[in-house]
Structures are given as structure tokens and as C-alpha cells.
Amino acid sequence: MAEEFVKEITPRAEDYSQWYVDCVLKAELADYAPVRGCMVIRPYGFAVWEKIQAILDRRFKETGHENAYFPLFIPRGFLERESEHVEGFAPELAWVTRGGGEELAEPLAVRPTSETMICSMYAKWIHSYRDLPVLINQWCNVVRWEKATRPFLRTTEFLWQEGHTAHAREEEAREEALRMLEIYRDFLEEDLGIPVIAGEKTPSEKFAGAAHSYSVEALMGDGRALQAGTSHDLGQNFSRPFDISFLDRDGQLKHVWQSSWGVSTRLIGALIMVHGDDRGLVLPPRIAPVPAVLVPIAPERAREAVLGRARQLAAALEGVHLDDRDEYTPGWKYNDWEMRGVPLRIELGPRDLEQGKAVLVRRDTGEKVPVDQEALPRAMAQMSSAVQAGIKERARNFLQERTWPVDNLDQLRFRLEERRGMFIAGWCGDDACEAAVKEATGATARNIPFAPAARSAACVVCGKAAAHTVYYARAY
RNA sequence: CGGGUGGUAGCGCAGUUUGGUAGCGCACAGCGUUCGGGACGCUGGGGUCGCAGGUUCAAAUCCUGUCCACCCGACCA
């Protein structure tokens, strides 16, 4: 795929950010809205989100969760109850102060996340250990008044899911947080083909109000890290101020233990940056809204024969979109669908017709294979699996190639100046050393991996014995 | 939120220095020829020059303000 066919998209090497924006706009995933920092998710982009939703929603339900919906507006008082939470979110809240033409007695925040609203309801609903656990998920939009926005990666309003659970025991909440992180990890790797590093956030990077935060971190094509999903063990940090208590078996009144976890439309940004190439998107077959496109090559002499057979095939084959637009040439269509990341393409022309064949083409490698028309279902299934596995493998290799252990700050700095990527380093556990890395290199602690690829003996900053191994990276 | 760049037709741009009836390529529409990696010809439609003020006989062009986007930094899914 070295040749340059698409002129619509800026090559990655020339300007990675522009390439990303070109992909978003030209593939018609999203467009800028007339409101600062907001985007419109267009049908093709929303179809990707619906695929993501469908898979995750099923997995949430398989693990006992139910969907519900809570209000968009959050009374000011709610947010103020958990001091760390309000401090963390205060700078990015949008407030409603008027309604129905009158000043509101109490301003309402547009939810940046729903912990407080949901907790207020849990306090009403939970009375006994028999009411537990409560396992609820919500698909919704949230608003955070971000200073710098980019389509999908960081927008003022975005779509996500937020799971909120309440448990009788501390370990249960912790286990839940880890269980859901594992679902995210598996989903990212197997369905999106995005390898991630699962681990725990450092205290300074954890969610405002959490006892422990966990994350899955992915590496984008430009070597910058992206937090792809988070899961929090909230401890009793919310159940105490919101007084969510239950009478336990032993007759004692206790506060529940909670978790919350979420992924957002940011995942679409990750898909673009992990798999995309200079021709545009490369979508994993499992979430591609259009799994395959059939492009007929229909010169005048064979027009009806080709189109007729193309219609038959498209109708018989599952997930095949027939592009029989008369106004575009086959070459134009190839480029168009490649830009949109469609995993497989079937070309059908007069020559194929004579031989009872079709040409099957892979989006990720460009490989073209002539296939007997009768054998298409099997060949497509095979090639589809090959694409799914191929892009995952490629992404995994990229992550490995771009991960380096470092022993000291200078090494980290020099390496990072050369090339962006993930850096494995020791950490003594002191906030000051973590801050020093950021100060000196711009890289932040992504997480403390559950399964580090390498171990470090000494803190990368102070040289004292390392209590943890940390992944550092410049992040989105 | 700081520093930088930019906003002229759907997209990409020229025109702004030196004020004087808004242009090019692609896209779009009609007709014809075409179809194995972004086809071609002819004809045609489309712009209150981001927005609001100001200067001037006259503003895309000069002045002030403002909005938006992009890039680089500080904060976040």
C-alpha cells in the first residue's frame, strides 16, 4: 500500500494531525458543528459507534448489568458533596442558571459524569444487603468544557457509557472495577484490534473522587498514548457523603462500596489512529458498518451482464454493499471505499464474468485474489478473519517496537526527543518524581501495568528503589 | 487558557502590500462519449469575501472589536 492514490488525505508523515482530521472529515465520520468544540457525528461515524455499543452492551448484560437513564441536569449541591470530585470537575462544568425565563434558585450543571446523580438515587433505592449488588449502566452524552478540542478525541459534548455499581463488600467493588476493565481490554484487543496496557492509574492521575482508578492505554500511530477506557474503585468516597447505606446480615448499618467505569466515542479516534494509513481508515471487520463493498466494472458491451451478476451476488452474500453508482468510475470507488476503511472489496468485471470469478481485495494489505464466485462466502469469511488478525498483529508489533525501558530521566528525554512511544520506568511512589518526569519530558504516567513488559529496579528520577513500574508517554 | 497560523463558491486556493464592478482548479447541474486504480468534451448554476462596527465618493483590501478552526504548550474520556 505504498502507492499514493488518494489526494484527499494529507500523508501521515507530512502532518499527522491534519491526516487525522482529514480522515474524520473525508470518511464522513463527523463534521464540525456550529458550536465551539462540538461535532456532528455523521451516519457513517454513528454506525461505528452503534457497532461498538452493540458489542459492549451485550457484554455488560452478560455480566448482569442493566441499562437505565438518569437526568442530564445535576443540582449544584450534588456536585459539592464530594470535595475531590467537585475540585476535579469545577473548571469544566457548563451551568444552566435560567429556565422558563426565570433565574433558577439553584444552578444546574450539565452532567460531566453521573456519579452524584446516580448516588442520590441509590441512596433512595438501597436499604438492605438484599438490595445489593446494584449493577446499572447508562448510555448517554456528557459535557465537559474543554479548552482544546479535537473531533472524537476531546470534544465539549461526547457520547459514552457509564457503569455505576454498588456492593456490600469492599472486595466486590474492586473486583467489579477490574472485571469491567478486563472486558474493555478484551473488547479493545479482540474486536477493535487495539492492543492496550492495562494497569492502575497513579494517585495524581486517578479519577476525581476514586479510591483507585484503572485504565487501558493504547498507543496511537504517532507514538502518543491514549486512555481508551477507565474503571474506578470508588470505595466509600461517594456512599458516605450521599449516605448510601444498607442494613447488613449482621444487623449493622453500613455504607456501600462502589465502582464506576466508562468508554466513550473517543474509541473512534483510537480506531483511526491505530489502524489508519495514508489512504484513510482501516476498520476492523468486526465493527465495520460496511464489511465489504462490491464494485462492478461495467463497460458498455458487458453492462447488463456485469450489473445483473453483481446484483445477484450482493443479494446472496451477507454484509456486501453493492456500489452500482453510474456516475463514478471503478477506480474512484476503490479510493472512496478505502478512505472509509471498508475491510474487503469485491471487483467484478467482464473478464471475471467469463471465468466465473471475482477479485477479492484486502483493505489492510491491498492483496488481490481471484476467487471462484461460488467460493466467495468462504473466501470472504477467511479474508475477513485475516484482516481482523492482521491489523491486530500489526498494531501489537507497533506497540512493542515503540516501547522502551529507560533507567534515568536523561535517557527518557533523549529517547523521547528522537521518537515518541511508551517508556517503561521505575517509580519510587513519590508524586514529586512523577511530576519531575512530566516537567522534564512532557510525558505523563499512563499507568502502573498489571503485567509489565520489563521491570525497573530504581526510580527513573531519584534513583531510589522502585516501588512500581510505570508506563510513561506523551498522551492525548 | 497562553504562543503561532488561518477564515474569499461545497472543497483547495489566488486577489489584500498599492481601496475602484470577485477569480482559478476541483466538486455540482444538463447533454454526449466513457468504465480492470480518482475518465473526457461542450454548456451552465453557485459567493452579503467568518461576523459586527468604523474610515472613505468607494472596502475582500485600511482600522477596532468579536467568533471559529488548525498547530505547539498548560488541564481531561
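In what follows, chains are A, B, ... by sequence order, proteins preceding strands, each numbered from 1. The structure presented is a predicted model; accordingly, all values stated were derived computationally and were not measured.
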Visitor: Is the positively charged end of A:Arg224 above the ring of A:Tyr476, judged by distance under 6.0 angstrom from the centroid and angle within 45° of the axis?
Guide: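 The answer is yes; both the distance and angle limits are met.
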Visitor: Taking any heavy-atom pair under 4.0 Å as a contact, classify A:Lys438: base, sugar-phosphate, or nothing.
Guide: sugar-phosphate
Visitor: Verify, without hydrogens or angle tests, whether A:Asp410 (side chain) and A:Leu412 (backbone) share a donor-acceptor contact under 3.5 angstrom.
Guide: no
Visitor: Could you measure between the two C1' atoms, the one in B:rA52 and the one in B:rA60, and give it in whole Å?
Guide: 16 Å
Visitor: Write down the distance between CG (A:Asp326) and C1' (B:rU33), rounded to a whole number of angstrom.
Guide: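 In whole Å, B:rU33 C1' and A:Asp326 CG are 13 Å from each other.
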Visitor: What is the nucleic acid contact for A:Gly349, judged by heavy atoms within less than 4.0 Å: base, sugar-phosphate only, or nothing?
Guide: base
Visitor: Do the side-chain N or O atoms of A:Tyr20 get closer than 4.0 angstrom to the phosphate oxygens (OP1, OP2) of B:rC70?
Guide: no
Visitor: Please report the distance separating the P of B:rG23 from the corresponding atom of B:rG46, rounded so that it comes out in whole Å.
Guide: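 These two P atoms come out 13 Å apart once rounded.
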Visitor: Assign A:Pro350 to base, sugar-phosphate, or nothing according to its heavy-atom contacts below 4.0 angstrom with the strands shown.
Guide: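 If one applies the 4.0 Å heavy-atom cut-off, A:Pro350 turns out to touch a base.
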Visitor: Might you point out which heavy atoms bring A:Gly356 and A:Glu374 nearest each other, and give the distance in Å?
Guide: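 In this case the closest contact between A:Gly356 and A:Glu374 is O-OE1, 4.3 Å.
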Visitor: Locate the shortest heavy-atom distance separating A:Arg311 from A:Leu322; write the atom from each residue and the value.
Guide: CG-CD2, 3.8 Å
Visitor: Looking at the base of B:rG73, is there any donor atom on it, or on the side chain of A:Arg474, that sits under 3.5 Å from an acceptor on the other one?
Guide: no
Visitor: Using only side-chain N and O atoms of A:Ser17, determine if any of them is under 4.0 Å from OP1 or OP2 of B:rC71.
Guide: yes
Visitor: Contact class for A:Gly37 (heavy atom, under 4.0 Å): base, sugar-phosphate, or nothing?
Guide: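 Sugar-phosphate, backbone atoms only, no base.
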Visitor: Would A:Arg345 pass as a cation-pi partner of A:Tyr334, given that its NZ or CZ must be under 6.0 Å from the six-membered ring centre and within 45 degrees of the axis?
Guide: yes
Visitor: What is the distance, to the nearest angstrom, from the NZ atom on A:Lys333 to the P atom on B:rC35?
Guide: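 My rounded result for the distance is 13 Å.
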Visitor: Give one of base, sugar-phosphate or nothing for A:Tyr32, where a contact means two heavy atoms less than 4.0 Å apart.
Guide: sugar-phosphate
Visitor: Testing A:Gln227, A:Lys206, A:His232, A:Glu205 one by one against A:Ser213 for a side-chain hydrogen bond (donor to acceptor under 3.5 Å, both in side chains), which residue passes?
Guide: A:His232
Visitor: Can you tell me which nucleotide in B:rG36, B:rG37, B:rC76 comes closest to the side chain of A:Asn335?
Guide: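 For A:Asn335, the side-chain atoms sit closest to B:rG37.
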Visitor: Quick one: is B:rC35 close enough that its OP1 or OP2 comes under 4.0 Å of any side-chain N or O from A:Arg325?
Guide: no
Visitor: Quick one, A:Glu28 with A:Arg340, criterion salt bridge (charged side-chain N to carboxylate O under 4.0 Å, His left out). Give me CA distance, side-chain angles, the key distance, then yes/no.
Guide: CA-CA 8 Å; A:Glu28 297 181 348; A:Arg340 291 174 154 77; 2.7 Å; yes
Visitor: Any N or O donor-acceptor pair under 3.5 Å from the base of B:rG37 to the side chain of A:Lys368?
Guide: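 Check passes, donor-acceptor contact within cut-off.
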Visitor: For nucleotides B:rG20 and B:rA39, find the distance between their P atoms and express it as a whole number of Å.
Guide: 40 Å
Visitor: Name the closest nucleotide to the A:Pro299 side chain, picking from B:rA74, B:rG37, B:rC35.
Guide: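 Nearest to the side chain of A:Pro299 among the choices is B:rC35.
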Visitor: Of the nucleotides B:rC76, B:rC70, B:rC35, which one has an atom closest to the side chain of A:Arg154?
Guide: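 Closest nucleotide among those given: B:rC76.
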Visitor: Quick one: A:Asp336 CG to B:rA27 P, roughly how many Å, whole number?
Guide: 13 Å
Visitor: Over all strands shown, is A:Val142 touching base, sugar-phosphate only, or nothing at heavy-atom distances under 4.0 angstrom?
Guide: nothing
Visitor: Which listed nucleotide (B:rA69, B:rU34, B:rG36) is nearest to the side chain of A:Arg36?
Guide: B:rA69
Visitor: If you assign A:Asp15 and A:Gln227 each to the RNA chain B nucleotide with the nearest heavy atom, which residue ends up on the more 5' nucleotide?
Guide: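 Nearer the 5' end of the strand: A:Asp15.
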Visitor: A:Ile297 side chain: which of B:rC76, B:rC28, B:rC35 is closest?
Guide: B:rC35
Visitor: From the list B:rU34, B:rA39, B:rC28, which nucleotide is the closest neighbour of the side chain of A:Thr329?
Guide: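 For the A:Thr329 side chain, the nearest candidate turns out to be B:rA39.
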Visitor: Between B:rC35, B:rC76, B:rG36, spot the one nearest the side chain of A:Arg303, thanks.
Guide: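 My answer, after comparing the listed nucleotides, is B:rC35.
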Visitor: Answer yes or no: does a side-chain N or O of A:Tyr16 lie under 4.0 Å from OP1 or OP2 of B:rC72?
Guide: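 Negative; the distance criterion is not met.
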Visitor: Please work out if A:Thr155 contacts a base, only the sugar-phosphate, or nothing of the nucleic acid, heavy-atom cut-off 4.0 Å.
Guide: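 Base contact.
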Visitor: Tell which nucleotide pairs with B:rG10, taking only Watson-Crick or G-U wobble pairs whose two distances are both under 3.5 angstrom.
Guide: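 B:rG10 is paired with B:rC26.
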